[in-house]
Amino acid sequence: MITTTIDSLLTIKPILQKLANTSMSAKEAFQVLKMLKLIDKEYESIEIVQRKMLDTYGAKNEDGTFSIDEKGNYIIKKEGIEDYLTEMQAFLGEKVELNCSKINFSMLEKIDLTPAQMILIEDFIDE
């Protein structure tokens, strides 16, 4: 069983996808696949909450579509930025439990990770 935060879940998925594209034993591949499937299920719930927050705080164009910036990020209404940030930080810190085993640290040696990524995925690593 892994207990982590939503923030860590959002970080680990691309790392696991990168890891899934490396050579490994069948046992390790199954472990990574199982973890990815569980994370995908959690992502569905996360996206629902993010959508509700966007409905509440997102700026909209005249045609009712959400406003986005030049980088493709949604724009938050100025009057709601503080509330949005407070709510988003609380949401990202929420605890989540995944019914799977941690991955061995040796598996991560197959890919390049930054120290910041290592801190965020620490909950998923069996030392």
Check the pair Ile2, Leu38 against side chain to side chain contact (heavy atoms under 4.5 Å, CB included), reporting the backbone distance first and the verdict last. CA-CA 11 Å; Ile2 297 174; Leu38 289 171; over 6 Å; no
Could you report the tightest heavy-atom contact between Asp123 and Lys102, atom names first, then the distance? O-CE, 3.2 Å
Between the main-chain N or O of Ser23 and the side-chain N or O of Lys110, is there a donor-acceptor pair closer than 3.5 Å? yes
Decide whether Ile6 and Val49 are clustered together by the hydrophobic rule: side chain heavy atoms of Ile, Leu, Val, Met, Phe, Trp, Tyr closer than 4.5 Å, transitively. yes
Is there a side chain to side chain contact (heavy atoms under 4.5 Å, CB included) between Tyr57 and Ile81? Walk through the geometry before answering. CA-CA 7 Å; Tyr57 299 108; Ile81 289 176; over 6 Å; no
Name all residues meeting the side chain to side chain contact (heavy atoms under 4.5 Å, CB included) criterion together with Ala29; count only those two or more places apart in sequence or in a different chain, and write none if there are none. Met24
Could you measure the distance from the CG atom of Leu36 to the SG atom of Cys100? Nearest 0.5 Å is fine. 9.5 Å
Group every Ile, Leu, Val, Met, Phe, Trp and Tyr by side-chain heavy-atom contacts under 4.5 Å, then state whether Val32 and Phe30 land in the same group. no
By the definition side-chain contact (heavy atoms from CB on, under 4.5 Å), identify the one residue from Leu108, Leu9, Leu16 that meets it with Phe124. Leu9
Would you mind listing every salt bridge (Lys or Arg N to Asp or Glu O under 4.0 Å) that reaches into residues 2-24, with sequence neighbours excluded? Lys13-Asp40
Please list every donor-acceptor pair under 3.5 Å in which a side-chain atom of residues 63-75 meets a protein atom from a residue at least two apart or in another chain.
residue	atom	partner	partner atom	Å
Asp63	OD1	Thr65	N	3.1
Asp63	OD1	Thr65	OG1	2.7
Thr65	OG1	Asn61	ND2	3.0
Ser67	OG	Asn61	OD1	2.9
Asp69	OD1	Lys71	N	2.9
Asp69	OD1	Gly72	N	3.0
Asp69	OD1	Asn73	N	2.8

Pairs touching residues 44-55 that satisfy side chain to side chain donor-acceptor pair (under 3.5 Å), sequence neighbours left out: none
Just how far is it from atom CD of Gln17 to atom CD1 of Ile12, taken to the nearest 0.5 Å? 10.5 Å
What residue pairs, at least two apart or across chains, pass salt bridge (Lys or Arg N to Asp or Glu O under 4.0 Å) with a residue in residues 77-89? none
Please round to the nearest 0.5 Å and tell me the distance separating atom CE of Met1 and atom CD of Glu97. 5.0 Å
Above 12 or not: heavy atoms from other molecules or residues under 6.0 Å from OH of Tyr84? no
Here the gap from Thr114 atom OG1 to Ile119 atom CD1, rounded to the nearest 0.5 Å, amounts to 8.5 Å
Please report the C-alpha distance between Leu10 and Leu92 in whole Å, then the side-chain angles of each, then the deciding distance to 0.1 Å, and finally whether the side chain to side chain contact (heavy atoms under 4.5 Å, CB included) criterion is met. CA-CA 9 Å; Leu10 295 172; Leu92 292 175; 3.7 Å; yes
With sequence neighbours excluded, what pairs up with Ser106 under the side chain to side chain contact (heavy atoms under 4.5 Å, CB included) test? Asn104, Glu109
For Leu19 and Thr22, run side chain to side chain contact (heavy atoms under 4.5 Å, CB included): C-alpha distance rounded to whole Å, both residues' side-chain angles, the deciding distance at 0.1 Å, then the answer. CA-CA 6 Å; Leu19 183 61; Thr22 63; 3.8 Å; yes
Output for pair (Ile121 CD1, Ile15 CD1), nearest 0.5 Å, gives 4.5 Å
Rounded at 0.5 Å granularity, tell me how far CD1 in Ile39 sits from NZ in Lys37. 13.5 Å
Looking only at non-hydrogen atoms, find the nearest pair between Asp112 and Gln117 and report the distance. O-OE1, 4.3 Å
